[in-house]
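Hydrogens, waters and symmetry mates play no part in the numbers below; they use all other heavy atoms, side chains included.
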Amino acid sequence: MKHLAILAALLAPVPALADIDVSNWDAVTTEAEGQTVFWNAWGGSTTTNDFIAWVGERVMEEYGVTLEHVKLTDTADAVTRVLSEKQAGEDDDGAIDMIWINGANFAAMKEADLLFGPYAEALPNWALVDVEGKTVQTDFTVPTEGYESPWAMAQVVFVHDTEDMPERLGSMQALLEWTQANPGRFSYPQPPDFLGTTFLKQVLVDILPDPSVLAAPATDENYADITAPLWAYMDELTPNLWREGKAYPPTGTAMFPLIADGELDLSISFSPGAASTAIANSELPPSVRTFVLDKGTIGNASFVAVPYNSGSKAGAMVVANFLMSPEAQARAQDPAILGYGTVLNMDALSEDDRALFDALELGVATLTPAELGTVQDEPHPSWATRIADDWVTRYGVSQ
């Protein structure tokens with residue numbers, strides 16, 4: 001009977017939205033004043049944590065909103081918390097007011113009616129977002145429908161120390177051959193870490209003749225055939241990895257020190273500006289550069305979403321809107337701060353706001369938008385979940 005009770009809770013109608021007219025921004029900001037927003041966001045990067053702290057300072061100054069960063073190691077923990085609250089009937093003033101989210105976690109919350117909205121396209125700064133040129137209305141192929149708002153763009157780049165590895169690689173096959181000639185000099189974070197799972201998806205996208213098959217959900221009928229080339233590739237690659245694939249860096253941020261210490265020549269990042277930021281912070285040597293593959297690399301947007309039972313929905317909307325402001329976007333793109341890609345359309349900005357971006361020096365290791373080339377679509381989120389689980393079964397090691 002327990003499972004029937006859980007199912008009933010999941011299928012129960014979500015309580016009506018609080019009396020917030022998302023299109024009345026004056027009313028939203030008035031209600032937001034004095035609210036505290038608990039933003040559950042990944043806490044594994046000092047630079048990201050510092051940026052979030054700065055956002056908190058600014059929304060307090062401008063709107064009287066207090067922002068508390070709840071540092072996560074796994075976004076799924078926040079999803080589980082909201083789901084547990086719904087099952088317990090805690091439909092008002094939940095513990096989480098905003099989540100840094102995308103991919104499978106967003107799909108799960110949207111499917112289970114755990115999100116407030118739609119709100120994103122009613123935010124004033126939505127008018128500045130590059131809707132045509134960036135993937136800001138879909139999330140791993142799932143339509144956002146206004147239930148999350150974008151705040152950063154990311155794209156896979158490969159990070160290499162040109163002192164030991166002068167030339168870029170154009171494909172995953174070339175990467176495999178390079179590791180065979182240079183064993184132990186490349187690694188990736190251990191799945192189910194997000195970046196580690198992204199590496200697996202990047203392999204599959206690059207080696208499949210038609211990666212568009214990944215836009216459809218993974219099923220018992222199609223999974224084995226489509227992923228067979230991935231596992232054949234990984235069987236060849238794994239013995240050539242750092243520590244022979246018997247240990248892995250736990251996160252993406254753990255790989256840069258390995259390059260700085262001379263243990264790795266090549267790693268992966270989901271932030272095109274991360275290497276320049278690390279060079280500016282003396283965390284990587286100045287000889288480090290980045291490259292993308294000939295067919296392009298996977299890219300996506302980072303979003304924030306508001307749980308259906310947040311008690312500070314207006315405050316969360318204020319924070320979400322500020323994250324899309326030219327001020328916040330330019331600061332996030334500065335390689336000395338974060339080096340994140342912007343979600344904004346430069347042609348939609350005022351002359352003064354455009355100048356904030358024009359003044360940025362992107363850094364010696366940051367590729368220009370033209371050099372970043374084609375952005376490959378993220379697969380449907382069901383692929384990431386199954387691939388990560390499969391990798392753990394095949395290659396997983398204890399840390």
Side-chain angles (χ1 to χ4, degrees), residues 1-12 74-80 82-84 86-87 101-115 135 138-145 147-148 156 172-173 176 188-238 241 245 248 268 270 295 297-300 303 305 376-398:
M1 297 298 292
K2 182 178 179 180
H3 68 283
L4 293 178
I6 293 174
L7 180 61
L10 286 173
L11 296 178
D74 188 344
T75 304
D77 293 340
V79 179
T80 300
V82 178
L83 178 59
S84 298
K86 183 178 181 184
Q87 292 169 352
I101 198 168
N102 65 4
N105 290 308
F106 170 70
M109 293 194 76
K110 186 168 183 269
E111 178 68 21
D113 292 328
L114 297 177
L115 296 174
T135 54
T138 58
D139 187 348
F140 287 60
T141 76
V142 176
T144 60
E145 297 181 311
Y147 284 90
E148 59 179 357
V156 168
M172 281 297 182
Q173 181 59 36
L176 174 61
Y188 57 91
Q190 177 167 310
D193 173 82
F194 173 77
L195 184 56
T197 302
T198 297
F199 173 73
L200 301 177
K201 292 185 291 181
Q202 183 62 68
V203 173
L204 193 55
V205 165
D206 200 64
I207 64 178
L208 281 177
D210 180 13
S212 66
V213 297
L214 300 173
T219 66
D220 291 341
E221 290 72 30
N222 67 13
Y223 177 79
D225 286 343
I226 290 175
T227 60
L230 169 64
W231 304 124
Y233 180 99
M234 297 306 298
D235 284 346
E236 286 193 72
L237 177 71
T238 301
L241 294 173
Y248 291 85
I268 185 173
F270 217 141
K295 292 195 294 186
T297 52
I298 291 172
N300 65 36
F303 296 89
Q376 296 280 1
D377 290 337
E378 281 277 9
H380 186 275
S382 56
W383 291 99
T385 303
R386 294 189 67 153
I387 286 171
D389 290 345
D390 205 351
W391 184 95
V392 170
T393 299
R394 292 168 181 265
Y395 310 103
V397 297
S398 298

(message) Tell me every residue that passes salt bridge (Lys or Arg N to Asp or Glu O under 4.0 Å) with D210, counting only those two or more places apart in sequence or in another chain.
(response) none

(message) Can you confirm whether D139 sits close enough to N300 that some side-chain heavy atom of one is under 4.5 Å from a side-chain heavy atom of the other?
(response) no

(request) Check A218 against S382 and note the closest heavy-atom contact, atom names and distance. (result) N-OG, 2.8 Å

(request) Look up atom OG1 in T80 and atom CD in Q87, then write down how far apart they are to the nearest 0.5 Å. (result) 9.5 Å

(message) Let me confirm one number: the OG1-CG distance from T393 to D389, rounded to the nearest 0.5 Å.
(response) 7.0 Å

(message) I'd like to check W383 versus I226 (side-chain heavy atoms, cut-off strictly below 4.5 Å). Are they in contact?
(response) yes

(message) Could you tell me if the side chain of M109 sits less than 4.5 Å from the side chain of N105, heavy atoms only?
(response) no

(request) Go through the steps to decide whether D390 and R386 satisfy the test salt bridge (charged side-chain N to carboxylate O under 4.0 Å, His left out), and finish with yes or no. (result) CA-CA 6 Å; D390 205 351; R386 294 189 67 153; over 6 Å; no

(message) Determine whether a donor-acceptor pair (N or O, by modelled atom type, separation under 3.5 Å) exists between the side chain of Y248 and the backbone of G196.
(response) no

(request) Compare all side-chain heavy atoms of Q202 with those of Y188 and state whether any distance is below 4.5 angstrom. (result) no

(message) Going by salt bridge (Lys or Arg N to Asp or Glu O under 4.0 Å), name the residues that satisfy it together with E145, two or more places apart in sequence or in a different chain.
(response) K110

(request) Please answer whether the main-chain N or O of W391 pairs with a side-chain N or O of W231 as donor and acceptor at a distance below 3.5 Å. (result) no

(request) Please examine the side chains of E148 and L115, heavy atoms only from C-beta on, and report whether any two atoms are closer than 4.5 Å. (result) no

(message) What I'd like to find out is whether the side chain of I387 reaches to under 4.5 Å of the side chain of Y223, using heavy atoms alone.
(response) yes

(request) Answer yes or no: is there a donor N or O on one side and an acceptor on the other, between the side chain of Q376 and the main chain of K295, under 3.5 Å? (result) yes

(request) Consider only side-chain N and O atoms of D235 and Y395, and report whether a donor and an acceptor are under 3.5 Å apart. (result) yes

(request) Output the distance between atom OG1 (T135) and atom CD (E378), rounded to the nearest 0.5 Å. (result) 8.5 Å

(request) Any chance you could measure F140, atom CZ, to L214, atom CG, to the nearest 0.5 Å? (result) 12.5 Å

(request) Quick one: pull up CZ in F303 and OG1 in T144 and give me the separation to the nearest 0.5 Å. (result) 5.5 Å

(message) Using a 3.5 Å distance criterion without hydrogens, assess whether the side chain of T219 forms a donor-acceptor pair with backbone atoms of N222.
(response) yes

(message) With a 3.5 Å distance limit and no angle check, can you tell me whether T197 reaches the backbone of P191 through a side-chain donor-acceptor pair?
(response) no

(request) Please identify each residue that fulfils salt bridge (Lys or Arg N to Asp or Glu O under 4.0 Å) with D206, with sequence neighbours left out. (result) none

(request) Would you indicate whether the side-chain heavy atoms of P189 and I268 approach each other to under 4.5 Å? (result) yes

(message) Quick check for you: to the nearest 0.5 Å, what is the distance between D113 atom CG and K86 atom NZ?
(response) 5.0 Å

(message) Between L200 and M234, does the side chain to side chain contact (heavy atoms under 4.5 Å, CB included) criterion hold? Intermediate values first, please.
(response) CA-CA 9 Å; L200 301 177; M234 297 306 298; 3.8 Å; yes

(message) For a 4.5 angstrom cut-off between non-hydrogen side-chain atoms, does T141 reach D377?
(response) no

